[in-house]
Every structure is written in structure tokens, then in C-alpha cells.
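Just so you know, ligand 1 is whichever comes first in the structure, and atom 1 is the first atom listed for that ligand.
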Amino acid sequence: MTILVTGGAGFIGSNFVLDWLRQSDEPVVNLDVLTYAGNLENLASLDGDARHIFVKGDICDRALIDSLLATQKPRAIVHFAAESHVDRSISGPGAFMKTNVDGTFTLLEAARAYWGALEAEAKAAFRFHHVSTDEVYGSLKADDPPFAETNPYEPNSPYSASKAASDHLVRAWHHTYGLPVVTTNCSNNYGPYHFPEKLIPLMIVNALAGKPLPVYGDGQQIRDWLYVTDHCSGIRAVLAGGKLGETYNIGGWNEQANIDIVRIVCALLDELRPDPAGPYARLITYVKDRPGHDRRYAIDARKIERDLGWRPAETFETGIRKTVQWYLDNPEWVARVQSGAYKDWVSKQYSAA
Ligand code: NAD
Ligand code: DAU
């Protein structure tokens with residue numbers, strides 16, 4: 001048996017592939033086009049491991065997906081591939097529509113054709129797992145209850161609108177064609193291999209470089225943070241036991257204001273790598289707010305706990321300490337991401353093609 005993962009060279013996808021192969025010998029075919037966010041160095045520990053088959057390619061390429069499905073015969077598709085950064089979606093929404101909407105559509109159509117031709121037993125076992133976000137639900141007021149699976153969709157950014165569109169496509173392919181789908185909507189992840197354009201890794205790498213720590217607006221926006229391997233275990237639980245056509249929220253029960261996150265990161269760095277120039281919090285700089293900035297996200301994760309017995313293993317205290325330590329222990333990874341050298345592997349590998 002094999003699973004097909006899309007976007008498995010990105011932050012969560014690469015953590016998922018590593019986590020999967022720590023738990024199981026079931027091979028992973030990893031389809032990733034390697035945008036700026038795809039980094040095969042995240043998977044360097046799998047070099048020479050026959051259980052990981054990397055394929056460089058686009059989820060919008062129907063012929064490629066058809067041929068991958070025909071040759072690899074996966075029992076499931078776990079779909080991470082996406083443009084994921086809200087700020088980039090504001091400055092350039094086109095790529096988000098292409099990958100998140102068209103790409104998901106292409107993948108669903110290929111999956112439908114493949115699944116439709118399977119023998120009865122394989123057909124019944126097949127799963128299309130769509131990895132989505134809590135941002136599709138919009139923004140909460142301070143005293144609103146956390147997002148439940150029944151909340152209406154109210155996406156506010158080009159990114160969240162494109163993810164909402166993809167969630168709707170997945171739902172419709174189940175309702176109309178019977179494709180066996182499950183969807184997970186997760187809150188903000190953090191942990192190793194997080195690209196330093198997102199809040200937590202950006203604050204760590206800027207602080208270590210003595211650069212300003214840019215906090216948008218008043219810094220009082222709230223996110224619900226989940227350690228990335230807890231997201232991976234939640235996906236495994238839903239893939240194994242989730243009800244077809246249903247959606248499951250995944251979250252850390254850990255709401256924090258951005259400014260508090262930045263202060264926690266600074267305090268950990270003060271402890272683990274003190275700066276002779278003074279406390280890292282001196283670098284905090286309030287900057288212009290993100291347009292349309294959602295004020296608060298929070299996840300009600302009771303359904304996945306009640307139905308599938310999932311709860312996060314990490315607390316924020318343990319997860320953020322591991323994360324800061326990981327960045328301190330991996331300065332080469334950070335340097336190669338910042339210099340662009342992580343792309344060298346791709347140009348060497350594919351220059352002859
Ligand atoms: P990421 O940006 O780090 O990685 C995305 C990966 O997808 C990259 O490896 C990239 O090369 C690949 N990719 C992009 N376009 C592609 C295409 N057309 N074809 C093939 N591969 C393509 O993203 P992430 O943070 O790891 O998020 C993964 C998924 O999880 C996304 O669907 C995102 O919406 C969702 N999600 C993310 C978070 C979070 O906090 N990061 C939270 C909830 C849900
Ligand atoms: O909620 C899940 C989502 O979390 C995922 O679907 C997205 O893919 C992921 O990128 C993330 O979106 P956010 O916009 O919440 O994450 P980001 O790290 O970009 O920002 C977190 C908060 O920090 C947000 O309120 C904006 C703020 N911020 C961010 C950056 C990069 C700053 O104040 N300064 C910054 O420099």
C-alpha cells in the first residue's frame with residue numbers, strides 16, 4: 001500500500017512525511033512543484049530511503065497526476081499543496097487561485113477517474129484527505145465561541161477565499177460523485193521547517209540577526225497555535241477513522257495574542273542565546289497593519305476528540321521551547337533558506353531535464 005502526498009516538501013507536508021515514516025513502513029509518493037516554499041532539505045534525513053518517492057510536479061498537471069495514480073496505485077491522497085501565506089495572497093492573488101482552486105479541482109477530477117475504476121475493495125478503502133484551514137470561517141469577536149465545524153464560511157483574504165473554494169469543491173465531489181473525502185480545518189501551526197516569512201520563525205530569525213521584529217497593527221490579533229506534529233497526528237486520525245464527507249476541526253486550545261507570542265519567543269531566546277546588546281524584546285517594532293487583518297481565530301476541537309480520541313500531545317510551553325531550540329540548532333537550514341541556496345539542489349537535479 002502507498003499514499004500520495006501533495007505539497008510534501010513544504011512546512012506541514014514535510015513534517016507529515018517524516019512523521020508518517022516514523023510510524024509506518026507504508027511508502028509515500030510526494031508530489032511537489034517546489035515553489036519558494038518547497039524545500040527538499042527538510043527531507044534530507046530520508047535520502048536513500050526507498051519508502052519516500054519524490055516527484056517534482058504540479059497539481060495542475062492532469063496528465064502527470066493520471067500517470068502517477070496509474071503507476072503508484074495509492075490507497076489515499078493527502079492533499080497539502082497550496083499557496084499558504086496570507087500576505088503574499090494580498091500582493092499577488094493569482095497563484096492562490098491557480099494552485100488552491102484549479103489545482104484542487106484537477107486533483108479531484110484525477111482522483112475521481114482513478115477511484116471510479118478501482119475494484120470494489122480498493123474503491124471502498126480509498127480516501128481523499130483535504131488539508132484546510134480555520135481561516136475559511138472568517139474572524140471571531142472577542143467573546144464569540146470558537147469555530148465549530150457548523151460555522152458558516154466567511155473567508156476574508158484571497159488566501160482564505162481560495163481555501164474555502166477548495167473546501168467547497170471537495171464537498172461537492174463527495175455529494176455529487178460519491179468520492180470518499182474527508183476534510184480537516186486546522187489552526188496556526190508552528191514547529192521545525194517553518195518558512196521564515198510566517199510570524200514565529202520570522203521573529204526567531206530576525207531576533208538572532210538583530211533585526212526589527214515587525215508586529216502588525218496593535219499586535220492584539222489572536223491565533224490558536226498548534227505544534228505541527230500534533231496536526232500530523234490529527235490528520236492520521238481522520239484519515240484512519242474520519243467519516244466520509246465530514247469535516248474535522250483541529251486546534252491546540254491555545255489562543256494567544258501576537259504580541260504575547262513575540263514576547264514569549266524573545267524571553268526564550270534571552271534564556272537560550274542571550275544577546276550582549278540586551279533583551280530581544282528591544283527589537284519589537286509596530287508596523288502598518290495587514291489589510292483586512294482577521295482579528296481572532298479559535299478552534300473548537302471537541303468533535304475530533306469525541307469521535308476519534310485525538311488531543312494535542314504538546315502544550316504551547318513544550319512546543320515553543322522545542323521550536324526555538326530547533327532554529328538555534330539548525331543555523332545552516334536558516335542560512336540556506338535566507339540565501340536561496342536551498343534551491344541549488346533543484347537546479348542541479350533538474351538542469352539536464
Ligand atoms: P507551505 O507553503 O509551507 O508549503 C506548500 C507546499 O506546496 C510547498 O512545498 C510548495 O512547493 C507546494 N506547492 C505549492 N503549489 C504547488 C502546486 N501547484 N503543485 C504542487 N505542489 C505545490 O504550506 P504549509 O504551511 O505547509 O501548509 C500546507 C497546507 O496546510 C496548506 O494547504 C495550508 O492551507 C494548510 N494549513 C496550513 C496551516 C499553517 O499554519 N501553516 C494551518 C492550517 C492549514
Ligand atoms: O490559521 C491557519 C493559517 O495560519 C494558515 O491557514 C496559513 O497558511 C498560515 O500562514 C497562518 O496564517 P496567519 O496569517 O495567521 O499566519 P502568519 O504567521 O502570517 O501571521 C500570524 C499572525 O501574526 C497574523 O495575525 C499576522 C501577524 N504577523 C505576521 C507576520 C508575518 C505580524 O504581526 N507580523 C509579521 O511579520
Exercise. Taking N or O atoms only and a 3.5 Å limit, does Ile12 qualify as a polar contact for ligand 1?
Worked result: yes
Seminar exercise, completed: Taking only non-hydrogen atoms of Thr35 and a 4.0 Å limit, the atoms of ligand 1 in range are 10 (C), 11 (O), 14 (C), 15 (N)
Exercise. So is Phe195 close enough to ligand 1, meaning a heavy atom under 4.0 angstrom away?
Worked result: no
Exercise. For ligand 1, which atoms sit closer than 4.0 Å to a heavy atom of Gly38?
Worked result: 8 (C), 9 (O), 11 (O)
Exercise. Is Asp58 close to ligand 1, meaning an N/O of one under 3.5 Å from an N/O of the other?
Worked result: yes
For this session: Indicate whether the side chain of Lys303 and that of Thr247 have a donor and an acceptor atom separated by less than 3.5 Å.
Result: no
Seminar exercise, completed: If you scan protein heavy atoms around atom 26 (C) of ligand 2, the nearest is His293 NE2, 3.4 Å
Exercise. For ligand 2, which atoms sit closer than 4.0 Å to a heavy atom of Val86?
Worked result: 14 (O)
Problem set entry | Distance in Å, Leu328 CG paired with Arg273 CZ, rounded so as to fall on 0.5 Å steps | 4.5 Å
For this session: Could you tell me whether some N/O pair between His231 and ligand 1 is separated by less than 3.5 angstrom?
Result: no
Exercise. Under a 4.5 Å side-chain heavy-atom rule over Ile, Leu, Val, Met, Phe, Trp and Tyr, are Leu140 and Ile259 clustered together?
Worked result: no
For this session: Test Tyr216 against Asn258 for side-chain contact (heavy atoms from CB on, under 4.5 Å), laying out the working first.
Result: CA-CA 9 Å; Tyr216 297 161; Asn258 292 340; 5.9 Å; no
Exercise. Can Asp167 and Asn185 be counted as having a side-chain donor-acceptor contact under 3.5 angstrom?
Worked result: yes
Exercise. Does the pair Arg263/Asp270 count as a salt bridge with the N-to-O cut at 4.0 Å?
Worked result: no
Problem set entry | Nearest neighbour in protein (non-hydrogen) for atom 27 (C) of ligand 2 | Asn258 ND2, 3.4 Å
Problem set entry | Sub-4.0 Å heavy-atom contact, Thr6 with ligand 1 | no
Exercise. Would you say ligand 1 has an N or O under 3.5 Å from any N or O of Tyr36?
Worked result: no
Exercise. Side chain, backbone, both or neither: which part of Leu202 comes within less than 4.0 Å of ligand 2 when only heavy atoms are counted?
Worked result: side chain
Exercise. For atom 30 (O) of ligand 1, what is the nearest protein heavy atom, given as residue, atom name and distance?
Worked result: Val131 CG1, 3.6 Å
Seminar exercise, completed: atom 28 (C) of ligand 1 sits nearest the protein heavy atom Phe80 O, 3.5 Å
For this session: List the closest protein heavy-atom neighbour of atom 4 (O) of ligand 1: residue, atom name, distance to the nearest 0.1 Å.
Result: Gly10 CA, 3.4 Å
Problem set entry | Heteroatom proximity flag, Arg223 to ligand 2, N/O under 3.5 Å | yes
Seminar exercise, completed: Taking only non-hydrogen atoms of His85 and a 4.0 Å limit, the atoms of ligand 2 in range are 19 (O)
Exercise. Hey, is ligand 1 close enough to Thr99 that some N/O pair sits below 3.5 Å?
Worked result: yes
Exercise. At what distance is the nearest protein heavy atom to atom 43 (C) of ligand 1, and which residue and atom is it?
Worked result: Cys186 O, 3.3 Å
Exercise. Which protein heavy atom lies closest to atom 5 (C) of ligand 1, and at what distance to 0.1 Å?
Worked result: Ala82 O, 3.4 Å
Exercise. Looking only at heavy atoms of Ser132, does any of them come nearer than 4.0 Å to an atom of ligand 1?
Worked result: yes
Exercise. Within the side chain of Arg171, is there an N or O that forms a donor-acceptor pair under 3.5 Å with the backbone of Thr183?
Worked result: no
Exercise. What atoms of ligand 2 come closer than 4.0 angstrom to any heavy atom of Val215?
Worked result: 33 (O)
Exercise. Do any heavy atoms of Glu197 fall under 4.0 Å from ligand 2?
Worked result: yes
Exercise. What about Leu31: any of its N or O atoms under 3.5 Å from an N or O on ligand 1?
Worked result: no
For this session: Go through ligand 1 atom by atom and flag the ones less than 4.0 Å from a non-hydrogen atom of Asn188.
Result: 40 (O)
For this session: Could you list which atoms of ligand 2 come closer than 4.0 Å to a heavy atom of Thr133?
Result: 1 (O), 2 (C), 3 (C), 5 (C), 6 (O)
Exercise. Under 3.5 Å between some N or O of ligand 2 and some N or O of Asn188?
Worked result: yes
Exercise. In a check of side chain to side chain donor-acceptor pair (under 3.5 Å) between Asn42 and each of Tyr342, Tyr193, Trp333, which one passes?
Worked result: Trp333
Exercise. Does an N or O from Val33, backbone or side chain, lie closer than 3.5 Å to an N or O of ligand 1?
Worked result: yes
For this session: Report the part of Asp134 (side chain from C-beta onward, or backbone N, CA, C, O) that has a heavy atom under 4.0 Å from ligand 2; answer both or neither where that applies.
Result: side chain
Exercise. Can you list every ring pair (Phe, Tyr, Trp, His ring centres under 6.0 Å) pair that touches residues 2-39, not counting sequence neighbours?
Worked result: Phe11-His194, Phe16-Trp20, Phe16-Phe80, Tyr36-Phe195
Exercise. Hey, looking at atom 19 (N) of ligand 1, which of Leu34, Ile59, Leu64 has the closest heavy atom?
Worked result: Ile59
For this session: Would you mind telling me if ligand 1 is within reach of the side chain of Tyr159, the backbone, both or neither, using heavy atoms under 4.0 Å?
Result: side chain
For this session: Among Glu135, Gln221, Glu255, find the residue that satisfies the side chain to side chain donor-acceptor pair (under 3.5 Å) test when tested with Tyr297.
Result: Glu135
For this session: With rounding to the nearest 0.5 Å, note down the distance linking CZ in Arg302 to CD in Glu305.
Result: 10.0 Å
For this session: Measure the distance from atom 21 (C) of ligand 2 to every protein heavy atom, then report the residue, atom name and distance (to 0.1 Å) of the closest one.
Result: Leu199 CB, 3.8 Å
Problem set entry | Presence of salt bridge, Asp144 and Arg296, under 4.0 angstrom | no
Exercise. In terms of ring plane angle, is the pair Tyr159 and Phe96 parallel, tilted or perpendicular, where the classes change at 30° and 60°?
Worked result: perpendicular
Problem set entry | Any N/O pair Asp32/ligand 1 closer than 3.5 Å | yes
Exercise. Is Ser84 in polar range of ligand 2, meaning some N or O pair under 3.5 Å apart?
Worked result: yes
Exercise. Between Ser84 and ligand 1, does any nitrogen or oxygen pair lie at a separation below 3.5 Å?
Worked result: yes
Exercise. Does at least one non-hydrogen atom of Gly103 fall below 4.0 angstrom from an atom of ligand 1?
Worked result: no
For this session: Nearest heavy atom to atom 35 (C) of ligand 2 wins, so pick from Tyr216, Tyr190, Tyr286.
Result: Tyr216
Exercise. Do any nitrogen or oxygen atoms of Lys163 come within less than 3.5 Å of a nitrogen or oxygen of ligand 1?
Worked result: yes
Exercise. Is ligand 2 under 4.0 Å from a heavy atom in the side chain of Lys198, in the backbone, in both, or in neither?
Worked result: both
Exercise. Under 3.5 Å between some N or O of ligand 2 and some N or O of Tyr159?
Worked result: yes
Exercise. When you measure from atom 19 (O) of ligand 2 to each heavy atom in Glu135, Arg290, Arg295, Gln256, which option holds the nearest one?
Worked result: Arg290
For this session: Mark the output for Gly8 as yes if a heavy-atom distance to ligand 1 is under 4.0 Å, and as no if none is.
Result: no
Exercise. Is Ser187 touching ligand 1 with its side chain, its backbone, both, or neither, if touching means heavy atoms under 4.0 Å apart?
Worked result: backbone
Seminar exercise, completed: In short, ring pair (Phe, Tyr, Trp, His ring centres under 6.0 Å) pairs touching residues 232-282 with sequence neighbours left out are none
Problem set entry | Closest approach of any protein heavy atom to atom 34 (N) of ligand 2, naming residue and atom | Pro214 O, 2.8 Å
Seminar exercise, completed: Distance col, row Thr104:OG1 vs Trp173:CH2, nearest 0.5 angstrom, shows 10.5 Å
